[in-house]
Visitor: 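Okay, here's the structure, questions in a sec.
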2 protein chains.
Amino acid sequence: MEFKEAKNKFVQTWGALGSQWGINKTMAQIHALLMVSNEAVSMEDIMEELQISRGNASMNLRALMDWGIVYKEYKAGERKEFFTAEKDLDELASKISRERSKREIKPALKILKEVSTIEAKDSAEEKHFVDQTSKLYDFVLKADNVLDKMTEFNENWLGKLILKIMK
Amino acid sequence: MEFKEAKNKFVQTWGALGSQWGINKTMAQIHALLMVSNEAVSMEDIMEELQISRGNASMNLRALMDWGIVYKEYKAGERKEFFTAEKDLDELASKISRERSKREIKPALKILKEVSTIEAKDSAEEKHFVDQTSKLYDFVLKADNVLDKMTEFNENWLGKLILKIMK
DNA sequence: TTAAACTTTCAAAAATAATTGAAAGTTTGT
DNA sequence: ACAAACTTTCAATTATTTTTGAAAGTTTAA
């Protein structure tokens, strides 16, 4: 396979993976493109490579910056802006999980807590509801924490040992 | 809050969370409904509670069964089918992560391997591409394994200890 | 074998999400 | 202050995904 073909394949794949996980395809593609670029890329070039409009590029770059995984860069003597992606993968994972936690998990937890603390009265139906949603609350809370710590865990010497033991 | 209201809130929230993670809203809502039902529910009742069509109910129940997190049940003397959800949360997480791995991560890994093993020639651009995609391959592979083991890890006494230490 | 009681399928319709492009906004240099 | 070089915004359009509903399919009981 040739470089250009490989790069395109990577960008397409990352885009598809993104949309399966609720991330807009173009956003994931821009991110992919920046991830494998060794230098900052202009909006013009992004539009050209991905064949997208200026508005689309602008909005999705903004979204990526809001997630904290793409940065603006200025080049001396150049008026236009350039963009780079966070390339450290542990950092990337950490930022994505922090954002998803903040935007999606935390609000869901809040609701779970609310609904799991209603007066259960005496019907088996209501008891089961309270029981199940309470368990779910605990579980999601725990999973959210584990994700927070995953990077740390993966780097951790003890973690590595445990991973080996568990295999 | 009253039971009915709480139940509805839970179903809606679970549905919204699902769609943010690339799972169709109705599918997540049906799953939510079954999760908090203490007995198996008929398609008729699902349609009624969620206000959806027969076709929609049928297709999404099928999808949930394909994921292995909803089961068909037959009641003696009843002609129609009833449905229940996997209620054990560790089992649920394990099945979801296994399926997502099989359907999405594994195919993506295959492509990542392909594109990361091209001849890098000598340009810095191509070298960076190979380097970054290789790192990504390793990272995704590792993350995929960690997810596989997470349940196990969470149940594990040693794991619990480590979690405490890491906090 | 027939028909009632169900479930599944899928083309068409509806709902939702993403994209465009041009006008408005901003910044910088002269 | 002006205008060139950019970026952002957002209403309208387009693409994608989901949902519907009725016809076709299946199973069961008599």
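These numbers come from the heavy atoms of this one structure, side chains and all, not from hydrogens, waters or symmetry mates. In what follows, chains are A, B, ... by sequence order, proteins preceding strands, each numbered from 1.
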Visitor: Under 6.0 Å from the ring centre and within 45 degrees of the ring axis: does the NZ or CZ of B/R100 meet both conditions for the six-membered ring of B/W21?
Guide: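 Relative to the ring axis of B/W21, which defines the angle, B/R100 lies outside at least one limit.
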Visitor: Can you find a side chain N or O atom of B/T26 that sits less than 4.0 Å from OP1 or OP2 on D/dT18?
Guide: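 No, no such contact exists.
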Visitor: What is the distance from CD of A/Q20 to P of D/dT16, rounded to the nearest Å?
Guide: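 After rounding, the reported distance stands at 15 Å.
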Visitor: Rounding to a whole Å, what distance do you find between B/Q51:CD and D/dT18:C1'?
Guide: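 After rounding, the gap between these two atoms is 17 Å.
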Visitor: Could you give the distance from CE (B/M59) to CZ (B/R62), rounded to the nearest 0.5 Å?
Guide: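 So the CE of B/M59 and the CZ of B/R62 are separated by 9.5 Å.
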Visitor: For A/I52 and C/dA17, give me the distance from atom CD1 to atom C1', rounded to whole Å.
Guide: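 Those two atoms, CD1 and C1', are 16 Å apart.
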Visitor: Give a yes or no on whether a salt bridge exists between B/K127 and B/D122, defined as a side-chain N under 4.0 angstrom from a carboxylate O.
Guide: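 Result for this pair is no, no salt bridge flagged.
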Visitor: Can you give me the closest heavy-atom contact between B/S101 and B/P107, atom names plus distance?
Guide: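 That would be O-CD, 4.1 Å.
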Visitor: Contact class for B/N24 (heavy atom, under 4.0 Å): base, sugar-phosphate, or nothing?
Guide: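 Sugar-phosphate only.
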Visitor: B/F129 and A/F3: ring pair (Phe, Tyr, Trp, His ring centres under 6.0 Å), yes or no, with the steps?
Guide: CA-CA 9 Å; B/F129 176 84; A/F3 171 60; 5.5 Å; yes
Visitor: So, OP1 or OP2 of D/dT18: does either fall under 4.0 Å of a side-chain N or O from B/N60?
Guide: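 Result: no.
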Visitor: Tell me: NZ of A/K25 to C1' of D/dT14, nearest whole Å?
Guide: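 It is 12 Å, rounded to the nearest whole Å.
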Visitor: Check nucleotides 2-8 of chain C for protein N or O atoms closer than 3.5 Å to its own N or O atoms and list the pairs.
Guide:
| from | atom 1 | to | atom 2 | distance (Å) |
| --- | --- | --- | --- | --- |
| C/dA4 | N3 | B/R79 | NH2 | 3.1 |
| C/dT7 | OP1 | B/E81 | N | 3.3 |
| C/dT8 | OP2 | B/S58 | OG | 3.0 |

Visitor: Just the rounded figure in Å: distance from P of C/dT9 to CG of B/N56.
Guide: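 After rounding, the reported distance stands at 14 Å.
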Visitor: Output yes when a side-chain donor or acceptor of A/K72 lies under 3.5 Å from a complementary backbone atom of A/F83, and no otherwise.
Guide: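 Answer holds: no.
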Visitor: Please report the distance, rounded to the nearest Å, between NZ in A/K75 and C1' in D/dA5.
Guide: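 Taking atom C1' of D/dA5 as the reference, NZ of A/K75 is at 17 Å.
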